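Got a structure here, written out as structure tokens. Questions coming.
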Amino acid sequence: MTRVLRDLFLPVLVPSSTAIALLYYYGLVRTATFYGRFAVPVEVLGLTTADLVGQSLDVFVHPLRLGFVTAALVTLLYKACVLYIGPRVPPSYGKWVDPAMLTTGLAAVVATDRTYLLGSAVGLDPLLASIIWTAAIPVIWFALTGLAMRNHPIAAVVRPLARGWLSLAVFGTLFALGLFVTTAFYARPVGDQSADRAILFAGDHPSVTVVTRINLAIDDVAATEAFPNGDSTLYRYSDLKLLEASREVYLLYAAQRPDDGVIILRNSDVFSIRIREE
């Protein structure tokens, strides 16, 4: 029963769980990068997991689709090599194919690690470097597996590294780490570009009139009117622009550009908000 569950559910559960985690992480990094440009903590937005995953689908669906197709093709190619091509390849060729793959994978890991010698020297783009590093991990795994299966002089050394749950966990963790690092490098520029557009087209943000239960008391933001409302006082502000509205807060600004200062106004403090006709 355990083997049936492993064979049937793991091939579906692991990729789908990884995809959801990557979508969530992409949404989180992109959102944090965007709002970080305006000094707004992402925690105040009240975004749920569904919000972060959902907003990632439109942008991230094509890289995910490409990744799954590539992974499927690589898996099929590997199976074909093992089942059909491998037995027909002369042993003399096999002796250098696996060491060459191992050397290439290790060289890629070292060359793209920007904290070591070659990473800064070659000047690779961080996103490209992380993609190469991630792709190198399964190459190293395949090479070690091939060396362990062949009658190679170093087979006894690499066999413990290529077999067993511990080996699978180590390489799986490294591969997952590469995926998440790649996702972060992909998400940050997208968040920065969205923030640049919000700043560049600040004139397109709607002007709003806001009535609040609190006096904002911020420089260059003066209430146009204050009037009693039962036991409290309401304040009307007419010279504000709306950057974003979420489930928990309104993000407003009074300056020419949103990066000059954003007002975080909780929904519970807003009595009414109305978009003004220009």
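Everything numeric here is computed off the predicted structure, so don't read it as measured data.
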Smallest separation among heavy atoms of Y186 and Y26, with atom names =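 What the structure gives for the nearest pair is CD2-CE1, 3.6 Å.
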Give, for atom CZ of R247 and atom CG of L47, the distance between the pair rounded to the nearest 0.5 Å.
->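 CG of L47 is found 7.0 Å from CZ of R247.
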If we only count heavy atoms from C-beta on, is the V29 to F185 side-chain gap below 4.5 Å?
->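 No; the side chains remain at least 4.5 Å from each other.
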Would you mind reporting whether V40 and E244 have side-chain heavy atoms less than 4.5 Å apart?
->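 Result no, sub-4.5 Å side-chain heavy-atom pair not found.
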Is any side-chain heavy atom of F38 less than 4.5 Å from a side-chain heavy atom of L251?
->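 In short, these two side chains do not touch, never coming nearer than 4.5 Å.
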Inter- and intrachain pairs under salt bridge (charged side-chain N to carboxylate O under 4.0 Å, His left out), touching residues 36-50, at least two apart |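 Qualifying pairs, neighbours excluded: R37-D192, R37-D196.
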Heavy-atom side-chain proximity of H205 to L242 below 4.5 angstrom |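 With C-beta onward as the side chain, the pair stays apart.
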Could you tell me whether the side chain of T134 reaches within less than 4.5 Å of the side chain of F175, counting heavy atoms only?
->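 Yes, side chains in contact.
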Could you tell me which non-hydrogen atom of I264 sits nearest to which non-hydrogen atom of P41, and how far apart they are?
->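 Residues I264 and P41, closest heavy atoms: CD1-CD, 4.1 Å.
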Looking at CG of L22 and OG1 of T183, how far apart are the two atoms once the value is rounded to the nearest 0.5 Å?
->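 Nearest 0.5 Å value for the CG-OG1 distance: 4.5 Å.
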Looking at G46 and E248, what are the two nearest heavy atoms and their distance?
->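 It is CA-CG, 3.4 Å.
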Please report the shortest heavy-atom distance between R188 and T33, naming the atom on each side.
->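 Where R188 meets T33 most closely, the heavy atoms are O-CG2, 3.5 Å.
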Quick one: CG on L252 to CG on L265, what's the gap to the nearest 0.5 Å?
->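 It is 6.0 Å, given to the nearest 0.5 Å.
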Side-chain (S246) to main-chain (L45) donor-acceptor, under 3.5 angstrom |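 The answer is yes, because a donor-acceptor pair under 3.5 Å joins these two groups.
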Got a second to check how far L243's CG is from Y35's OH, nearest 0.5 Å?
->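 These two atoms lie 7.0 Å from each other.
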Euclidean distance, I137 CD1 relative to L177 CG, rounded to 0.5 Å =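 Spacing of CG (L177) from CD1 (I137) equals 8.5 Å.
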Below 4.5 Å, heavy atoms only, C-beta onward: do N215 and Y237 meet side chain to side chain?
->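 Yes; the side chains approach each other to less than 4.5 Å.
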pair Y250-V208: side-chain heavy atoms closer than 4.5 Å |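 No. Closest side-chain heavy atoms not under 4.5 Å.
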Which atoms form the tightest heavy-atom contact between A136 and G105, and what is the distance?
->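 Smallest interatomic distance, heavy atoms only, reads CB-O, 3.6 Å.
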Taking all atoms of both residues into account, what is the closest heavy-atom pair of Y253 and V262, and its distance?
->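 Where Y253 meets V262 most closely, the heavy atoms are CB-CA, 4.5 Å.
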Does R213 use its side chain to pair, donor to acceptor, with the backbone of T233 at less than 3.5 Å?
->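 No; zero donor-acceptor contacts below 3.5 Å.
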